[in-house]
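Quick notes on the structure that follows.
Remember, it's 1-based here, ligands and their atoms both numbered in the order they're listed. Predicted model only: the values in this text are computed from it and were never measured.
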Amino acid sequence: MTLQTVPVPLGEKSYHIEIGSDNLEHIGEVLETFAPVSSAVILTDRNVQQLGYAQRVAENVSLRGIDTNILSIEAGEQSKTVETANALWNALLEDGTDRRSVLLAVGGGVVGDIGGFVAATFARGIRFFQVPTTLLAQVDSSVGGKVGLDLPNAKNMVGAFHQPLGVLVDTQTLATLPDEQFLSGLGEVAKYAVSLDADLFQFLEQNTESVNKREPETLQKIVVACCKLKAGIVAEDEFDTKGHRVLLNYGHTFGHVFEIMSKFTLLHGLAVAAGSIHAAKLALKLGLIDETLLNRHLALFKALRLPTVLDTEIDWEQAAEIMQYDKKTEFGKLCLVLPTGPGQCQLIDDIGTKLVAES
Ligand SMILES: NC(=O)c1ccc[n+]([C@@H]2O[C@H](COP(=O)([O-])OP(=O)(O)OC[C@H]3O[C@@H](n4cnc5c(N)ncnc54)[C@H](O)[C@@H]3O)[C@@H](O)[C@H]2O)c1
Ligand SMILES: [Zn+2]
């Protein structure tokens, strides 16, 4: 299948997302268009390094005569800390990284977030480039320029907006992704479809089997559709101040509660999937959608093997309390992104917590 490109129009900070299959070796060619590049620091995590992706990127970049160095962090959310950032800043310093260097993040959302943050802050900002290797990172975290790290009790609390030079997606890397991680990314894909894109919704319904088999052509179509949606919204609201980006958060208010209640053992995209179904049930109760649409949501999520309910009992009183702290709650009034039609959603304000608990 041919390569596809999705533009992210952000004035001087505009960039392209190149999406293909088996196109990892394109990286050197792409990087060359950003000359002069004095050196490339390739940040990855131990799992991704073992799979050889960072090495393939490094070898290809070196072919263009650019010095490369691979830095590897422990895999997982526990690496998104100020301690990791500190270690990386010092490694960059030792490595002689300068303002003409580029940091390439080769990995999932963790590598992209911390790599982008280190790039945003080292020497008051060096360039960075994203090579996302999880489905979640390919359809979501690598696009939009939000980078950052966690504080011990607050996820993504410290960060910056630092747009990448570009993004290169090789859907072939998804072949090695553990099933649960693939499903977590698929949770975000299904979210985009049911809340923002009626065509993608229908495409998924008609292609569940090839999605589940991770067929490269199908994955490419999905990643292109999701990147277009996210790029469109980011272009209208780069710094998340105008409220447009809130529409990316369908299923997230409930999802966030489920993540907290599971003490973060439930993967984000799976929590979002179950959260989307709760939001759709609430929308039915409020008369925003009809039963046929709710049933379409349920059937699609089941066919994709996404959770529609949680295994654990939910303490709705505690849930309501957590929701009060949600960033979409204004003056104590709960606001939720709810579906209003196939591939459509709206921010609905002032929803009673009692109604939420009954969903
Ligand atoms: N910046 C944003 O806009 C944004 C948006 C959404 C999520 N996020 C962040 O993204 C992070 C989650 O990202 P994630 O789900 O990619 O998690 P992750 O980066 O932890 O990756 C998940 C696991 O998959 C492994 N992995 C990565 N690529 C692989 C491959 N091709 N084959 C096999 N294993 C592979 C990783 O080593 C890791 O163990 C969270 O920290 C979240 O806050 C950021
Ligand atoms: Zn999400």
Please write down residue, atom name and distance for the protein heavy atom closest to [atom].
atom: atom 39 (O) of ligand 1; result: Asn47 ND2, 3.0 Å
atom: atom 3 (O) of ligand 1; result: Lys230 NZ, 3.6 Å
atom: atom 27 (C) of ligand 1; result: Thr134 CG2, 3.2 Å
atom: atom 36 (C) of ligand 1; result: Asp45 OD2, 3.3 Å
atom: atom 43 (O) of ligand 1; result: Lys80 NZ, 3.0 Å
atom: atom 28 (N) of ligand 1; result: Thr133 OG1, 2.8 Å
atom: atom 20 (O) of ligand 1; result: Val110 CG2, 3.4 Å
atom: atom 35 (C) of ligand 1; result: Leu177 CD1, 3.6 Å

Does atom [atom1] of [X] have more than 12 heavy-atom neighbours, drawn from other residues, nucleotides or ligands, at distances under 6.0 Å?
X: Gln4; atom1: CD; value: yes
X: Glu209; atom1: CD; value: no
X: Gln78; atom1: CD; value: yes

Review point. Less than 4.5 Å apart, any side-chain heavy atom of Lys146 and any of Phe161?
Key: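 In short, these two side chains touch, coming nearer than 4.5 Å.
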Structural part of [X] in contact with ligand 1, heavy atom criterion under 4.0 angstrom:
X: Val147; answer: neither
X: Ser141; answer: both
X: Leu136; answer: side chain
X: Leu51; answer: side chain
X: Asp113; answer: side chain
X: Glu77; answer: side chain
X: Arg46; answer: neither
X: Gln50; answer: neither

Has [X] got any heavy atom lying under 4.0 angstrom from an atom of ligand 1?
X: Pro178; value: yes
X: Lys155; value: yes
X: Gln78; value: no

Ligand 1 to [X] polar contact by distance, N or O atoms, under 3.5 Å:
X: Gly109; value: yes
X: Thr176; value: yes
X: Asp140; value: no

For ligand 1, which atoms, with element, lie under 4.0 Å from some heavy atom of [X]?
X: Ala75; answer: 37 (O), 39 (O)
X: Tyr53; answer: 31 (N)
X: Asn156; answer: 43 (O)
X: Lys146; answer: 1 (N), 2 (C), 3 (O)

Review point. Is any side-chain N of the basic residue among Asp113 and Lys80 closer than 4.0 Å to the acidic one's carboxylate O?
Key: yes
Check your understanding: Is Lys242 salt-bridged to Glu236, going by a charged N under 4.0 Å from an acidic O?
Key ->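 Salt bridge: no.
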Exercise for review: For atom 31 (N) of ligand 1, state which one of Leu174, Val139, Val272, Thr173 supplies the nearest heavy atom.
Suggested key: Thr173
Review point. When you measure from atom 23 (C) of ligand 1 to each heavy atom in Gln49, Gln181, Arg245, which option holds the nearest one?
Key: Gln181
Review point. Can you give me the NE2-the Zn ion (ligand 2)-OE2 angle for His268 and Glu188, to 10°?
Key: 90°
[X] and [Y]: side-chain donor and acceptor closer than 3.5 Å?
X: Ser101; Y: Asp98; value: yes
X: Gln181; Y: Thr134; value: no
X: Thr173; Y: Thr133; value: no
X: His268; Y: His252; value: yes

Point to revise | Separation of Cys227 SG from Ile222 CD1 (nearest 0.5 Å) | key: 11.5 Å
Review point. Of the non-hydrogen atoms in Val272 and Gly187, which two are nearest, and what is the gap between them?
Key: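 Nearest heavy atoms, Val272 then Gly187: CG1-O, 4.4 Å.
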Point to revise | Under 2.8 Å: N/O/S of Asp140 next to the Zn ion (ligand 2) | key: no
**Study point:** Cation-aromatic face contact Arg296/Phe201, 6.0 Å, 45 degrees
**Key:** yes
**Study point:** Test of ring centre spacing under 6.0 Å for Phe117 and His162
**Key:**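 Ring centroids of Phe117 and His162 are no less than 6.0 Å from each other.
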Indicate every side-chain donor-acceptor pair of residues 66-76 with a distance under 3.5 Å to a residue at least two apart or in another chain.
residue: Asn69; atom: ND2; partner: Asp95; partner atom: OD1; Å: 3.1
residue: Asn69; atom: ND2; partner: Asp95; partner atom: OD2; Å: 3.2
residue: Ser72; atom: OG; partner: Arg46; partner atom: NH1; Å: 3.2
residue: Ser72; atom: OG; partner: Gln49; partner atom: OE1; Å: 3.0
residue: Glu74; atom: OE2; partner: Arg46; partner atom: NE; Å: 3.4
residue: Glu74; atom: OE2; partner: Arg46; partner atom: NH2; Å: 3.4

